[in-house]
**Q** 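Encoded as structure tokens, here's the structure I'll be asking about.
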Amino acid sequence: MVARRKVAVVGVALSDCGRVDDATPYALHAQAARRALADAGLDRSLVDGFASAGLGTLAPIEVAEYLGLRPTWVDSTSVGGSTWEVMAAHGADAIAAGHARVVLLAYGSTARADVRAGRRTGTLSFGTRGPLQFEAPYGHTLIAKYAMAARRHMIEYGTTIEQLAQVAVQARANAALNPEAMFRTPVTVDDVLAGPMIADPFTKLHCCVRSDGGAAVLLAAEEYVRDCRTTPVWVLGSGEHISHSAMSEWPDFTVSPAAVSGRLAFERAGVRPSEIDFAEIYDAFTYMTLVTLEDLGFCGKGEGGAFVEKGRLRVEGGELPVNTDGGGLSAQHPGMRGLFLLVEAVRQLRGECGDRQVRRVDGSFPRLTVASGTGGWFCSSGTVVLGAG
């Protein structure tokens, strides 16, 4: 049997993010990709694998053409926000098996600018075909699905709205340390509760921001690491899982697909949740953070509320810093945010995060992290465990 190669993340970057009114999604893809290649110090000619989703009639062919790439390995898996963790897993597997040497993951979106310019509305619709035809007549929007799940957790386990609000408060506290975050002004639990109601029990600050932006991640086989200008961050293990499409087919609103993808990722990495130094978790809504923390094993089922209310998620003084850049709730959220989780995770492991840098008790940089993306309305999950070089 041919030995599998080790795989490292050797380059990461964001495009301009936040409010970007003068760029196309293609331009944001390209800007992030160029910056990631520069970060790694690798020549574009080495890239023989490309993964992208969400843009173009023939994703990722159109984006690859725009970038001037002719890859021999491609992936256009599209499973919502978890797409990028799933793609990272697929790319790492391809490299390990010898099917590619360097894989580029890229994403870009002008979700905020498009609404501002009237190119689209602020309401995200997934259409009414297939199973959705049985929910759409009742006005069952994306946010309503998350709100229903949150309310179920509150009823089942006594989770309070104040505990959910703490997720938003601590995300903003982390964003305050990030000069690139879209919103940095501290908020309180009272601020969260006093906001306009969006979908009961979610007020405005329980929901992610709408931004523009792009991101890119470069994966490479171990033999290319020595040619890179950055410290490698190794892909240790990954897992993926799909749960449901119709809400009526979701067995338990209080259990996300991260319960499976997380278990697989930790098992394959050979580490335990207790060994993780910080976590990057998809947070389109506050409940996503809380329930994913439970399902990844950082606390017991139903204990998420008590876990988050004591400031554990903060970079400054938190036992398990979560979404260290401010997350989708405060930093940026240009649609499918999963790739941004990987960028922040890598930067933290490399010790490049300035005032928001996570440190271990002895003052050293973190060694292990987990990035877990969620897609749809808890329909899919991808989880990746990363280790410092």
**Q** In terms of hydrophobic clustering (I, L, V, M, F, W, Y; side-chain heavy atoms under 4.5 Å; direct or indirect links), are Leu55 and Leu28 co-clustered?
**A** no
**Q** Of all residues at least two apart in sequence or in a different chain, which pass the salt bridge (Lys or Arg N to Asp or Glu O under 4.0 Å) check with Arg337?
**A** Asp325
**Q** By salt bridge (Lys or Arg N to Asp or Glu O under 4.0 Å), which residues pair with Glu223, not counting sequence neighbours?
**A** Arg5
**Q** Has Glu280 got a side-chain atom pairing as donor or acceptor with Leu341's backbone, closer than 3.5 angstrom?
**A** no
**Q** Count the heavy atoms belonging to other residues, nucleotides or ligands that lie under 6.0 Å from CZ of Arg116, then report whether that count exceeds 12.
**A** no
**Q** Output side-chain donor-acceptor pairs under 3.5 Å for residues 235-244, partner residues at least two apart or in another chain, one line each.
**A**
{"unit_1": "Glu240", "atom_1": "OE1", "unit_2": "His90", "atom_2": "NE2", "d": "3.3"}
{"unit_1": "Glu240", "atom_1": "OE2", "unit_2": "His90", "atom_2": "NE2", "d": "3.2"}
{"unit_1": "His244", "atom_1": "NE2", "unit_2": "Trp377", "atom_2": "O", "d": "3.1"}

**Q** With distance as the sole test, does Asp39 use its side chain to make a donor-acceptor pair with the main-chain N or O of Ala13 at under 3.5 Å?
**A** no
**Q** Around atom CD of Glu316, are there more than 12 heavy atoms from other residues, nucleotides or ligands closer than 6.0 Å?
**A** no
**Q** Does anything in residues 211-233 form a ring-ring contact (aromatic ring centres under 6.0 Å, His included)? List the pairs, not counting sequence neighbours.
**A** none
**Q** What's the separation between atom CD in Glu294 and atom OG1 in Thr289, rounded to the nearest 0.5 Å?
**A** 11.5 Å
**Q** I'd like to know if Lys301 pairs up with Asp252 as an ion pair, taking the criterion as any Lys NZ or Arg NE/NH1/NH2 lying under 4.0 Å from an Asp or Glu carboxylate oxygen.
**A** no
**Q** What ring-ring contact (aromatic ring centres under 6.0 Å, His included) pairs are there with at least one residue in residues 41-83, not counting sequence neighbours?
**A** Tyr26-Tyr66
**Q** Return the set of residues passing ring-ring contact (aromatic ring centres under 6.0 Å, His included) with Phe266 (not counting sequence neighbours), or none when no residue passes.
**A** none
**Q** Tell me whether Arg112 is salt-bridged to Asp21, with the criterion being a basic N under 4.0 Å from an acidic carboxylate O.
**A** yes
**Q** Any ring-ring contact (aromatic ring centres under 6.0 Å, His included) involving residues 289-320? Give me the pairs, sequence neighbours left out, ordered by first then second residue.
**A** none
**Q** Please enumerate all residues that pass side-chain contact (heavy atoms from CB on, under 4.5 Å) together with Asp277, with sequence neighbours excluded.
**A** Arg360, Pro366, Arg367, Leu368
**Q** Kindly state each residue pair satisfying ring-ring contact (aromatic ring centres under 6.0 Å, His included) with at least one member in residues 146-176, sequence neighbours excluded.
**A** Tyr146-Phe285, Tyr146-Phe378, His153-Tyr157, His153-Tyr287
**Q** Taking salt bridge (Lys or Arg N to Asp or Glu O under 4.0 Å) as the test, write out the residues that go with Arg151, two or more places apart.
**A** Asp200
**Q** Around Arg70, counting heavy atoms of other residues, nucleotides and ligands shown, do more than 12 lie under 6.0 Å from its CZ?
**A** yes
**Q** Identify whether NZ of Lys or CZ of Arg in Arg19 sits under 6.0 Å from the centre of the six-membered ring of Phe183 and within 45° of that ring's axis.
**A** yes
**Q** Hydrophobic clusters join Ile, Leu, Val, Met, Phe, Trp and Tyr when side-chain heavy atoms are under 4.5 Å apart, directly or via other members; which others share one with Leu58?
**A** Ile61
**Q** How about Asp362 and Ser364: does a side-chain donor come under 3.5 Å of a side-chain acceptor?
**A** yes
**Q** What I want to find out is whether Arg35 reaches Asp16 closely enough, with some N-O distance under 4.0 Å, to be called a salt bridge.
**A** yes
**Q** With a 3.5 Å distance limit and no angle check, can you tell me whether Gln163 reaches the backbone of Val308 through a side-chain donor-acceptor pair?
**A** no
**Q** According to the side-chain hydrogen bond (donor to acceptor under 3.5 Å, both in side chains) rule, which pairs have a member within residues 169-181, sequence neighbours left out?
**A** Gln166-Gln170, Arg172-Ser330, Asn178-Arg356
**Q** Examine distances only and state if a side-chain atom of Glu344 and a backbone atom of Phe340 form a donor-acceptor pair shorter than 3.5 Å.
**A** no
**Q** So, the side chain of Ser76 versus the backbone of Pro60: is there a donor-acceptor pair under 3.5 Å, distance only?
**A** no
**Q** With distance as the sole test, does Thr203 use its side chain to make a donor-acceptor pair with the main-chain N or O of Val192 at under 3.5 Å?
**A** yes
**Q** When you compare the side chains of Thr254 and Glu156, does any donor N or O come within less than 3.5 Å of an acceptor on the partner?
**A** no
**Q** Just by distance, no angles: are the side chains of Thr292 and Asp295 close enough, under 3.5 Å, to form a donor-acceptor pair?
**A** no
